[in-house]
Amino acid sequence: MKQVYMDNAATTKMKKEVLDEMMPYFTEQYGNPSSIYRVGRESKKAVEEAREKVAKALGAKAKEIYFTSGGTESDNWAVKGVAYANKDKGNHIITTVIEHHAVLHTCKYLEKQGFEVTYLGVDEHGLIDLTELEKAIKDETILISIMYANNEIGTVQPIAEIGKIAKAKGVYFHTDAVQAVGSVEIDLENSDIDMLSLSGHKIYGPKGIGALYIKQGTKIHPFIHGGSQEKNRRAGTENIAYMVGLGKAIEMATADIDGHNKEIMALRDGLIQRINDKIDYVKLNGHPEKRLPGNVNFSFEFIEGEALLLSLDMVGIAGSSGSACTSGSLDPSHVLLAIGLPHEIAHGSLRLSIGDFNSEEELDYVVDNLAEIVQRLRNMSPLYEKVKGEK
Amino acid sequence: MKQVYMDNAATTKMKKEVLDEMMPYFTEQYGNPSSIYRVGRESKKAVEEAREKVAKALGAKAKEIYFTSGGTESDNWAVKGVAYANKDKGNHIITTVIEHHAVLHTCKYLEKQGFEVTYLGVDEHGLIDLTELEKAIKDETILISIMYANNEIGTVQPIAEIGKIAKAKGVYFHTDAVQAVGSVEIDLENSDIDMLSLSGHKIYGPKGIGALYIKQGTKIHPFIHGGSQEKNRRAGTENIAYMVGLGKAIEMATADIDGHNKEIMALRDGLIQRINDKIDYVKLNGHPEKRLPGNVNFSFEFIEGEALLLSLDMVGIAGSSGSACTSGSLDPSHVLLAIGLPHEIAHGSLRLSIGDFNSEEELDYVVDNLAEIVQRLRNMSPLYEKVKGEK
Amino acid sequence: MYTEKVMDHFTNPRNVGEIPDADGIGEVGNAKCGDIMKMYLKIEDGVVVDVKFKTFGCGSAIASSSMATEMIKGKTIKEVLALTNKAVAEALDGLPPVKMHCSVLAEQAVKSALLDYSKRSGVAIPELEGFEPDEDVHDHEEHEE
Ligand SMILES: Cc1ncc(COP(=O)(O)O)c(C=O)c1O
Ligand SMILES: Cc1ncc(COP(=O)(O)O)c(C=O)c1O
Ligand code: FES
Ligand code: FES
């Protein structure tokens with residue numbers, strides 16, 4: 001059967017070029033970078049070259065890049081590390097209700113440890129209100145953590161403005177850019193971002209590697225203590241192969257963001273239009289313009305997302321409903337609720353996220369099947385029955 | 001030039017069988033295990049099969065095994081997770097002065113956060129004193145963290161007895177078994193161990209993956225918060241390939257521990273004897289019997305370890321001096337100082353750790369070169385000069 | 001981690017040994033820190049005509065000693081006094097930051113030997129007045145918290 005993978009916001013398939021660069025570090029180049037003999041020195045060199053690539057892709061200095069085990073660890077480190085290191089200054093953190101759980105659950109945990117957290121709401125498109133942010137800052141505020149772009153609805157926040165506000169108030173600013181890297185131009189040197197999280201597997205690199213950018217001079221505790229790797233700030237024997245893979249992946253993802261976005265957006269806009277044309281009672285979630293190039297998120301009234309996903313899977317189409325990273329939970333997505341969707345509409349959401357391996361022709365297959373499936377499920381739905389009756 | 005890798009305690013070369021099992025998860029099997037479509041379900045299955053293998057190798061239940069990014073994260077999680085979850089009960093932790101930095105630096109950090117830590121000393125062979133341990137336990141003690149086997153001198157602690165003491169006193173017992181797995185039979189179900197750390201890259205698996213065994217019912221906080229992976233206890237998109245690799249690696253490493261140890265010990269004992277025979281002013285560090293099968297650690301008087309390592313590297317031999325995991329620091333090893341070596345003797349230490357890929361013939365090469373190098377460095381040493389003068 | 005020059009001087013150290021009838025001997029460092037450097041000078045008419053060293057220490061300590069001996073051989077006392085650890089490190093095409101103290105040791109070993117010469121021979125070296133080699137010149141990498 002045809003397989004159409006449309007869940008690139010959950011994870012991506014690794015690019016061949018990335019895997020090829022990693023392979024030597026699974027075989028002959030196995031030395032521990034901390035050691036002084038040849039095979040160790042070569043590993044060290046590979047790690048530092050990968051770090052350079054990450055730095056270059058973000059307009060940062062190599063010494064500001066720290067490798068982690070993924071976006072989640074980066075988020076945990078940034079938020080907890082700053083919280084604990086600055087608790088003599090204050091105990092207040094500002095974030096948003098639509099963050100990824102990696103930030104949200106970390107904040108919930110910190111609340112139990114005596115920190116106070118303000119969760120900013122968002123408007124119907126998923127944007128925060130800058131005035132509200134400014135008002136939320138108080139003397140005790142030590143950190144603002146606001147995601148660059150949302151993983152579910154794709155909304156991109158006004159990061160430059162947020163940075164300016166944070167800087168003016170002398171508060172650290174962390175942004176979870178896991179979804180933004182490769183889709184948005186990022187130039188950290190000319191930004192007011194103090195910390196930025198990213199992850200390899202969202203940009204055609206391996207799963208289980210990420211990085212945290214920490215601007216020089218930022219007061220932050222290490223999160224994982226131990227050996228002196230990563231300049232004494234992130235302990236643990238280096239995952240050389242994945243670091244190399246992340247370096248290659250980010251290099252490729254940022255080589256021509258504009259050109260790349262144009263292609264992806266053409267597919268995205270075509271998909272949105274065709275769904276709008278072919279299926280009624282649908283609603284596009286997220287911001288109409290300020291959204292990630294590959295993100296399509298629709299609510300289909302009267303039906304439930306899991307049933308939709310299962311039906312799509314039966315014809316080989318992979319999508320997601322709510323956050324794929326957390327779909328162990330069946331609660332309607334906290335992001336969709338935050339933009340004001342009623343529960344029943346939130347439940348009927350479908351995210352199709354377009355990636356580098358998708359083609360125009362696949363989208364035809366998706367739309368045809370989707371229309372059919374939605375109709376079939378609606379025919380089973382007592383809610384739809386009522387609406388039909390009213391018509 | 002001939003290359004002889006004798007630093008298997010620092011890291012090992014991945015076995016081909018391990019890499020082979022991992023490969024599909026770098027290519028077609030890239031689905032996110034949290035998702036419900038086919039390629040996601042297959043990833044989920046692979047993760048759970050890997051977890052079964054880890055559990056089986058340790059005599060544990062699969063649901064007691066949590067994947068982490070390595071031994072260091074496992075140690076951080078166990079120690080911090082128990083500390084924070086039980087701080088209403090007490091704030092006292094007991095560990096030893098010879099732990100890996102992953103435990104030691106974590107404890108130092110917790111001291112700054114208001115915890116109290118007792119660091120047990122060790123005897124000249126690196127063994128703790130059980131009576132001393134018992135005496136150190138007080139009402140406020142919530143955790144004992146003592147390593148199974150030491151990474152530098154190979155000494156194996158009386159883990160069963162420590163477990164009994166901990167259990168009798170109602171204190172949690174964590175052991176860092178990163179060096180022990182594959183060399184010591186471990187049967188967690190019939191043990192008093194509450195938590196156990198292990199790492200993939202010490203047993204011919206990948207670098208950047210580990211596991212923490214958490215006995216059912218243990219009160220411990222998550223360490224990395226976020227998505228609901230690992231039953232809500234360790235967030236982050238799963239590193240499926242490495243989990244599969246760790247499963248295969250531990251399966252192979254524990255298939256026939258006795259037979260395997262016999263072979264490795266034959267090599268080790270031969271190496272120890274030949275060094276003793278050929279070179280004077282040497283001292284074997286660690287316990288004569290209770291030591292890891294592959295560990296050889298000698299001090300060579302009058303010379304310094306780094307010079308020794310560099311010289312060995314020039315003839316293709318890879319060894320380590322002090323802990324290779326932390327050799328960014330130039331301080332003499334805390335372990336060698338703890339067993340009572342004077343600073344200058346600790347400086348002249350060399351660890352040669354034997355692994356599955358080493359051969360008898362390689363050892364000949366090592367001993368011949370080592371004898372020559374030690375002599376050359378001694379001829380340059382003002383300390384040796386004095387001894388020669390006295391003779 | 002080390003330059004080719006360092007490795008060259010480490011593997012083929014120049015002027016290793018002792019001078020039995022040395023005019024000045026300097027010993028600095030201590031075994032506790034893993035480094036002792038001992039310099040022997042032969043001085044004629046205010047010129048270092050021969051120099052030998054022995055070192056207990058790491059690769060960069062051995063290379064620094066070797067380089068220092070090359071740099072002072074045949075030089076006048078005044079010229080020798082001008083030798084700095086930075087010059088030694090530069091002559092080796094650089095040392096890793098954590099290893100700079102090894103070159104400090106080399107500078108101090110030379111000065112100690114000169115001081116010894118001055119005491120023994122009665123030749124005053126005013127530049128060395130108050131010179132005392134540091135016991136602990138170790139300056140390890142910054143630990144960021
Ligand atoms: C916005 C966002 N932040 C954080 C993460 C977590 O990253 P990782 O899966 O690498 O832990 C994800 C995806 O899982 C994400 O989409
Ligand atoms: C005893 C011990 N504990 C912990 C670790 C850390 O494990 P990892 O390198 O996987 O972080 C090591 C080795 O590095 C070790 O030898
Ligand atoms: S309908 Fe089954 S989970 Fe709600
Ligand atoms: S002799 Fe101490 S590091 Fe060079």
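So that the names make sense, note that chain A is the first sequence line, chain B the second, and so on, each numbered from 1. Quick note: numbers below take in every heavy atom, side chains included, and nothing from hydrogens, waters or symmetry partners. All of these numbers come straight from a predicted model, not from anything done at the bench.
Heavy-atom pairs under 4.5 Å with chain B peak, among A:Arg38, A:Lys16, A:Met14, A:Glu238, at A:Arg38. Among B:Leu19, B:Thr68, B:Val79, the residue with the largest count of heavy-atom pairs under 4.5 Å with chain A is B:Leu19.
Remark: A:Ser320 OG to B:Asn32 CG distance equals 9.5 Å, nearest 0.5 Å. Distance CD/A:Gln113 to OH/B:Tyr84: 7.0 Å, rounded to 0.5 Å. Here the CD1 atom belonging to B:Ile36 is positioned 10.0 Å from the CG atom belonging to A:Asp7, to the nearest 0.5 angstrom. Atom OH of residue A:Tyr30 and atom CZ of residue B:Phe357 lie 8.0 Å apart, to the nearest 0.5 angstrom.
No part of B:Gln29 comes within reach of chain A, as not one of its non-hydrogen atoms sits under 4.5 angstrom from that chain. Proximity to chain A is limited to the backbone of B:Thr12, based on heavy atoms less than 4.5 angstrom apart. When heavy atoms are compared at a cutoff of 4.5 Å, B:Ile209 does not approach chain A at all. In this structure, no portion of A:Leu312 lies under 4.5 Å from any heavy atom of chain B. There is no contact between A:Met243 and chain B, counting heavy-atom distances below 4.5 Å. Contacts between A:Tyr25 and chain B at a heavy-atom distance below 4.5 Å are absent for every atom of the residue. With a 4.5 Å cut-off on non-hydrogen atoms, B:Asn76 touches chain A through its side chain but not through its backbone.
Each of A:His101, A:Lys80, A:Lys108 was checked for a side-chain contact (heavy atoms from CB on, under 4.5 Å) with B:His225, and the lone residue meeting it is A:Lys80.
Between A:His105 and B:Gly226 the shortest heavy-atom distance is ND1-O, 2.7 Å.
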request  = Give the intermediate values and the outcome of side-chain contact (heavy atoms from CB on, under 4.5 Å) for residues B:Thr72 and A:Thr237.
outcome  = CA-CA 8 Å; B:Thr72 298; A:Thr237 299; 5.9 Å; no
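With a 6.0 Å radius and a threshold of 12 heavy atoms from other residues, nucleotides or ligands, A:Lys112 has its NZ atom at or below the threshold.
Using cut-offs of 30° and 60° on the angle between ring planes, the pair B:Phe26 and A:Tyr242 is perpendicular.
Between the side chain of A:Lys207 and the main chain of B:Ala241, no donor-acceptor pair closer than 3.5 Å is present.
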